[in-house]
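This report refers to the structure that appears directly beneath it.
Please read all numbers here as calculations on a predicted model, not as lab measurements. The analysis underlying the following values was restricted to heavy atoms, covering all of them including side chains, and did not include hydrogens, waters or symmetry mates.
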Amino acid sequence: VDPLVAERFAGFRALLATAAETLTTGRNLRGDARRRAAAVTGHAIVFPTWRSLVREQGLSDVEAAAAMSALVESTVAAG
C-alpha cells in the first residue's frame with residue numbers, strides 16, 4: 001500500500017477498530033469466544049460487507065444489521 005494512502009486512512013481504520021472493540025467489550029466475552037466475536041464484528045462493520053448485503057444482495061439496513069448480529073451470536077456459540 002502506498003504510504004500516503006495508508007496515512008490518509010489511519011484515522012478511519014482507528015475508528016473501525018474502536019467501534020469493533022466497543023461492540024465486543026459489551027458482550028463480556030473472554031478467550032476464544034472474544035477472539036471470534038471480535039473477528040466477526042470487525043467483518044460486520046466494514047463497508048464492503050454492508051455494500052454486499054444491502055446494495056448487491058438487496059437487504060435493508062435493518063435486515064443487514066440483524067444478519068450480522070445473528071452471525072456474531074452464532075459464531076460465539078459455535079465455540
Side-chain angles (χ1 to χ4, degrees):
V1 174
D2 185 317
L4 181 59
V5 173
E7 179 185 327
R8 301 286 174 149
F9 279 92
F12 181 67
R13 287 190 176 140
L15 172 69
L16 289 177
T18 299
E21 177 64 25
T22 299
L23 292 167
T24 303
T25 299
R27 294 180 173 276
N28 289 324
L29 300 170
R30 297 182 191 271
D32 284 342
R34 180 174 172 64
R35 181 183 56 79
R36 288 190 306 276
V40 176
T41 300
H43 173 70
I45 65 173
V46 295
F47 179 73
T49 301
W50 290 98
R51 180 185 59 219
S52 174
L53 291 173
V54 175
R55 292 186 181 170
E56 297 170 13
Q57 305 306 320
L59 295 182
S60 69
D61 286 337
V62 171
E63 290 170 321
M68 290 296 92
S69 180
L71 177 62
V72 172
E73 292 298 326
S74 65
T75 299
V76 170

Please tell me whether [X] and [Y] are part of a single hydrophobic cluster in this structure, the criterion being side-chain heavy atoms less than 4.5 Å apart.
| X | Y | answer |
| --- | --- | --- |
| L23 | L15 | yes |
| V46 | F9 | yes |
| V5 | F12 | yes |

What closest approach, in Å, do [X] and [Y] show between heavy atoms, and which atom pair accounts for it?
| X | Y | result |
| --- | --- | --- |
| W50 | A64 | CZ3-CB, 3.0 Å |
| L16 | I45 | O-CD1, 3.3 Å |
| A37 | V76 | CB-CG2, 3.5 Å |
| T24 | R34 | CG2-NH1, 3.2 Å |

Evaluate side chain to side chain contact (heavy atoms under 4.5 Å, CB included) for L29 paired with R35, printing each intermediate quantity in order. CA-CA 9 Å; L29 300 170; R35 181 183 56 79; over 6 Å; no
Calculate, to the nearest 0.5 Å, the distance between atoms [atom1] and [atom2] belonging to [X] and [Y] respectively.
| X | Y | atom1 | atom2 | value |
| --- | --- | --- | --- | --- |
| E21 | T41 | CD | OG1 | 10.0 Å |
| R27 | E73 | CZ | CD | 4.5 Å |
| T75 | R36 | OG1 | CZ | 8.0 Å |

Is there a donor-acceptor pair closer than 3.5 Å between any side-chain N or O of Q57 and the backbone N or O of V54? no
Short side-chain to backbone donor-acceptor contact, S74 and A70, under 3.5 Å: yes
Might you work through the side chain to side chain contact (heavy atoms under 4.5 Å, CB included) test for M68 and L53, ending with a clear yes or no? CA-CA 10 Å; M68 290 296 92; L53 291 173; 3.8 Å; yes
